[in-house]
Amino acid sequence: GLLAPGLLAPDLLAPDLLAPGLLAPGLLAPGLLAPDLLAPGLLAPGLLVLLVFAKEDSQNNGFCWACEKANFRCNVARTPEAALECFQEKHHDLVIIDHRHSRYFDAESLCRYVTLEVLLINFYLNGFVDRFGFCCCRPDREEASVMPLINAGFNRRYVENANMMACYNELLQLEHGEVLAQFKLRACNAIFTALEQSQEAIEITNEDQVIQYVNPAYESIMGYQQGELIGKEIIEVPKSEKNKPDLLETINSCIRKGKEWQGIYYAKKKNGDILFTSYVSIKYNIQSSKHKDRRKGSLDVRSTTSRGSDGSSQRRHSSMARIHSMTIEAPITKVINIINAAQESSPMPVAEALDRVLEILRTTELYSPQLGTKEEDPHTNDLVGGLMTDGLRRLSGNEYIFATKQPHLPSHLAMPLSLNDIPPHVAQTMENEDSWDFDIFNLETACLKRPLTYLGLKIFSRFGVCEFLSCPEATLRSWLQGIEANYHSTNSYHNSSHAADVLHATAYFLCKERVKQSLEQIDEVASLIAATVHDVDHPGRTNSFLCNAGSELAILYNDTAVLESHHAALAFQITTRDDKCNIFKNMERNEYRTLRQAIIDMVLATEMTKHFEHVNKFVNNINKPTEREKRKEGMKKNNKRMLIKCADISNPCRPLELCIEWAGRISEEYFAQTDEEKRQSLPVVMPVFDRNTCSIPKSQISFIDYFITDMFDAWDAFADLPNLMQHLDNNFKYWKGLDERKLHSLRPPPE
């Protein structure tokens with residue numbers, strides 16, 4: 001009763017239904033059927049279950065609940081006709097038939113009919129039965145023989161028990177028993193079909209070096225028949241004297257250590273000719289991901305070339321058969337396939353190096369460097385945890401209500417001033433706004449914490465933004481005021497002064513010759529607008545905090561790029577809500593859509609979880625800019641992402657006094673977040689930012705080391721920014737000096 005219906009039928013075990021040699025001794029040993037050895041995707045993500053119950057009752061509901069808890073897909077049929085129709089359409093993995101009420105339908109007949117349908121359909125398509133388990137519910141009123149049920153095709157009898165956990169446990173036993181066994185048998189059939197069709201001679205032994213299988217190519221090339229080899233030890237089969245005497249012992253030694261051996265091996269045909277051979281021996285450590293089973297098995301695969309008897313023929317790199325079912329390949333899949341193909345004709349050292357490359361490419365975090373342990377650098381770990389993750393997904397009950405209000409529009413939008421009406425003392429602070437050493441804090445003081453509107457007017461005028469957008473200067477002024485009104489002046493860091501600082505850096509970068517050459521005017525306009533709005537309505541808390549607190553924004557954006565998505569969306573809401581500040585009103589539709597997409601892309605690029613992806617893509621582009629790549633929009637997009645990212649976190653590259661001021665402001669904002677996390681009993685995302693113990697110099701050193709140095713090295717190589725790199729070097733030495741003196745503050749104590 002442990003196999004699917006029909007598998008014990010004599011006709012299904014006929015040799016012609018299976019690959020030749022499949023029934024050889026030991027071939028179905030547990031080691032060969034372990035899930036670890038099966039190709040990815042052969043195990044279904046969730047079973048498909050058919051419940052055949054004449055009426056809805058507690059037992060029916062128990063199995064429905066159990067399917068939901070086990071993440072199984074479930075269909076329910078009330079009549080034999082509906083059950084057959086549903087089964088023929090979907091071919092369920094598991095069928096549970098209610099046998100308690102025989103007056104509604106005959107469960108045995110239904111099972112026989114369903115099984116017959118399975119055999120007819122699947123025998124024709126696959127050559128083997130792949131339906132899995134059948135279960136029967138009977139009332140607990142008598143202990144009758146199960147033989148009639150077994151003869152009908154049932155696998156198990158389930159005594160009536162509506163307890164939901166009992167149903168759930170029964171489903172789990174079926175999944176890990178009969179169903180898993182069938183999955184393994186299906187996978188084995190696919191594997192051996194591939195081996196049978198291979199043009200290379202393949203011999204498989206078990207861990208005791210007893211031959212388990214040889215494929216038809218082996219018989220043809222070596223001159224042996226299966227019956228002459230199966231069950232014999234390798235040492236019983238004649239081998240070439242060209243092999244080193246201790247070769248097999250060397251291979252076995254590698255196997256015992258769990259290593260792979262690959263090298264030159266000479267095989268001898270039955271007629272005495274010598275063949276040059278590529279030999280691979282693999283030790284599999286079988287470990288179930290759920291049950292941590294420590295049993296071990298081994299599989300030795302020997303692949304013999306079919307050309308010549310001298311050692312001069314080219315070695316072919318043997319590999320497991322790869323089965324591709326995807327009709328649309330992702331770019332990374334194409335890359336992996338190219339590398340796989342290159343391996344086939346590569347020398348051993350190159351093939352091994354490519355194996356390591358493939359191992360790296362198959363990871364999900366391709367662009368994220370691996371950190372050491374938390375003890376090595378807690379400041380870096382906390383910065384990464386706070387800036388590059390979305391929190392711990394904890395439901396706290398302390399939901400952080402945020403941004404439920406409508407965007408704020410200042411009442412004085414009706415009468416905006418023009419660029420010529422900027423007060424003289426404000427205009428004076430902006431005289432050197434085209435210099436990297438421009439002091440944003442002087443402007444902040446002069447305009448009473450409204451630097452974004454004034455600096456925006458001047459920079460947008462310098463770049464001809466109004467002319468490009470076909471909008472009056474009054475509309476631009478209204479728009480800048482509306483955006484600035486939605487920055488929180490109560491934030492110590494993420495306020496409109498930060499937005500103005502990022503706008504200034506963006507404008508500075510856009511004037512660099514190589515940057516200018518790589519972009520068009522629409523890209524410049526998109527960059528300036530994105531810099532202006534990139535943190536609008538920022539609450540002074542990180543994405544991780546919002547996710548942990550269960551904020552409305554985190555729920556709205558599914559804990560993914562929460563703030564960045566909000567900034568971009570709100571910016572367009574503010575802009576399009578009122579014609580008086582709609583700077584896009586007069587744009588042609590297609591041009592507007594292009595501009596909108598560019599702005600959104602740049603704002604989303606400021607999210608730190610994608611930091612290393614954006615930086616590495618930019619580096620790859622400038623290092624190997626193929627002619628085709630130069631023409632692509634993709635390279636321009638990478639340049640714009642890098643531009644706004646560098647502008648957004650350029651504080652360590654500012655003159656020292658500005659750098660110190662920004663460091664103090666961001667530290668205060670992180671301190672305030674830690675204080676609130678403790679008050680609300682939320683997970684503390686960045687524990688080192690405790691205002692009583694934090695070392696600001698250490699935090700700045702970690703930030704520069706981990707995020708800044710490599711990124712600005714790359715940006716400097718592209719845009720030529722020697723003054724920024726000099727500031728960065730000076731600032732790093734400043735923080736290092738404070739740290740070496742064991743100081744935690746922004747500045748050294750007065751002499």
Side-chain angles (χ1 to χ4, degrees), residues 1-5 34-36 38 40-79 82-83 85-87 89-101 107 110-111 114 118 130-140 149 154-184 186-187 287-293 390-397 547-548 550 554-555 558-560:
L2 292 181
L3 294 177
D36 315 55
L38 303 183
L42 283 176
L43 295 179
L47 300 187
L48 183 57
V49 180
L50 174 61
L51 302 180
V52 186
F53 280 73
K55 59 182 180 179
E56 182 177 356
D57 59 9
S58 59
Q59 186 68 73
N60 174 93
N61 294 337
F63 274 113
C64 287
W65 177 89
C67 288
E68 182 178 352
K69 180 175 176 61
N71 290 321
F72 294 168
R73 294 162 294 165
C74 178
N75 298 116
V76 180
R78 299 295 181 207
T79 66
E85 182 180 354
C86 187
F87 180 81
E89 177 186 351
K90 299 187 178 180
H91 298 283
H92 300 76
D93 303 319
L94 181 64
V95 181
I96 301 177
I97 302 176
D98 185 2
H99 194 242
R100 296 171 299 169
H101 308 292
L110 178 59
C111 184
V114 169
V118 176
D130 68 350
R131 289 306 88 186
F132 302 129
F134 285 80
C135 182
C136 168
C137 296
R138 294 185 63 100
D140 188 16
L149 299 178
F154 287 100
N155 290 103
R156 294 170 73 97
R157 182 188 70 168
Y158 180 78
V159 178
E160 183 176 16
N161 184 348
N163 180 275
M164 289 186 288
M165 282 307 298
C167 298
Y168 175 65
N169 290 334
E170 181 69 17
L171 288 181
L172 292 184
Q173 292 180 72
L174 285 166
E175 178 191 18
H176 292 279
E178 291 92 329
V179 176
L180 182 58
Q182 271 300 324
F183 275 133
K184 292 176 180 178
R186 175 191 295 177
Q287 181 172 316
S288 168
S289 59
K290 291 186 178 180
H291 304 293
K292 306 297 181 188
D293 186 356
D390 292 324
L392 303 178
R393 309 292 190 272
R394 190 180 98 166
L395 296 177
S396 64
C547 294
N548 288 332
I555 294 171
N558 301 312
D559 290 354
T560 304

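The structure presented is a predicted model; accordingly, all values stated were derived computationally and were not measured.
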**Message:** Using 0.5 Å steps for rounding, measure from the SG atom of Cys167 to the NZ atom of Lys69.
**Reply:** 13.0 Å
**Request:** Taking all heavy atoms of Cys86 and all of Leu50, pick out the closest pair and write down the distance.
**Result:** SG-CD1, 4.1 Å
**Message:** Counting only heavy atoms not in Glu68 (residues, nucleotides, ligands), do more than 12 fall under 6.0 Å from its CD?
**Reply:** no
**Prompt:** So, does Arg78 use its side chain to make a donor-acceptor pair with the main chain of Val52 at under 3.5 Å?
**Reply:** no
**Request:** With the side chain counted from C-beta on, respond yes when Phe72 and Leu48 share a heavy-atom pair under 4.5 Å apart, and no when they do not.
**Result:** no
**Asked** Nearest heavy-atom pair of Ala82 and Ala77: which atoms, and what distance?
**Response** C-CB, 3.9 Å
**Item:** Reported CG-to-SG distance for the pair Leu94 and Cys67, which is rounded to 0.5 angstrom
**Value:** 7.5 Å
**Gap between atom CG of Asp98 and atom CG of Leu51 - 0.5 Å precision** = 10.0 Å
**Request:** Look up atom NE2 in His92 and atom CG in Leu47, then write down how far apart they are to the nearest 0.5 Å.
**Result:** 11.5 Å
**Prompt:** Can you find a pair of side-chain heavy atoms, one from Leu171 and one from Ile96, that are under 4.5 Å apart?
**Reply:** yes
**Request:** Mind running side chain to side chain contact (heavy atoms under 4.5 Å, CB included) on Lys90 and Asn75 for me, showing each step along the way?
**Result:** CA-CA 10 Å; Lys90 299 187 178 180; Asn75 298 116; 3.2 Å; yes
**Prompt:** What's the spacing between Asn161 CG and Asn169 CG if we round to 0.5 Å?
**Reply:** 10.0 Å
**Asked** After noting the C-alpha distance and the side-chain angles of Phe63 and Tyr168, does the key distance pass the side chain to side chain contact (heavy atoms under 4.5 Å, CB included) rule?
**Response** CA-CA 7 Å; Phe63 274 113; Tyr168 175 65; over 6 Å; no
**Prompt:** Rounded to the nearest 0.5 Å, what separation is found between the CH2 atom of Trp65 and the CE atom of Met164?
**Reply:** 5.5 Å
**Non-neighbouring partners of Asn61 that pass side chain to side chain contact (heavy atoms under 4.5 Å, CB included), sequence neighbours left out** = Glu56
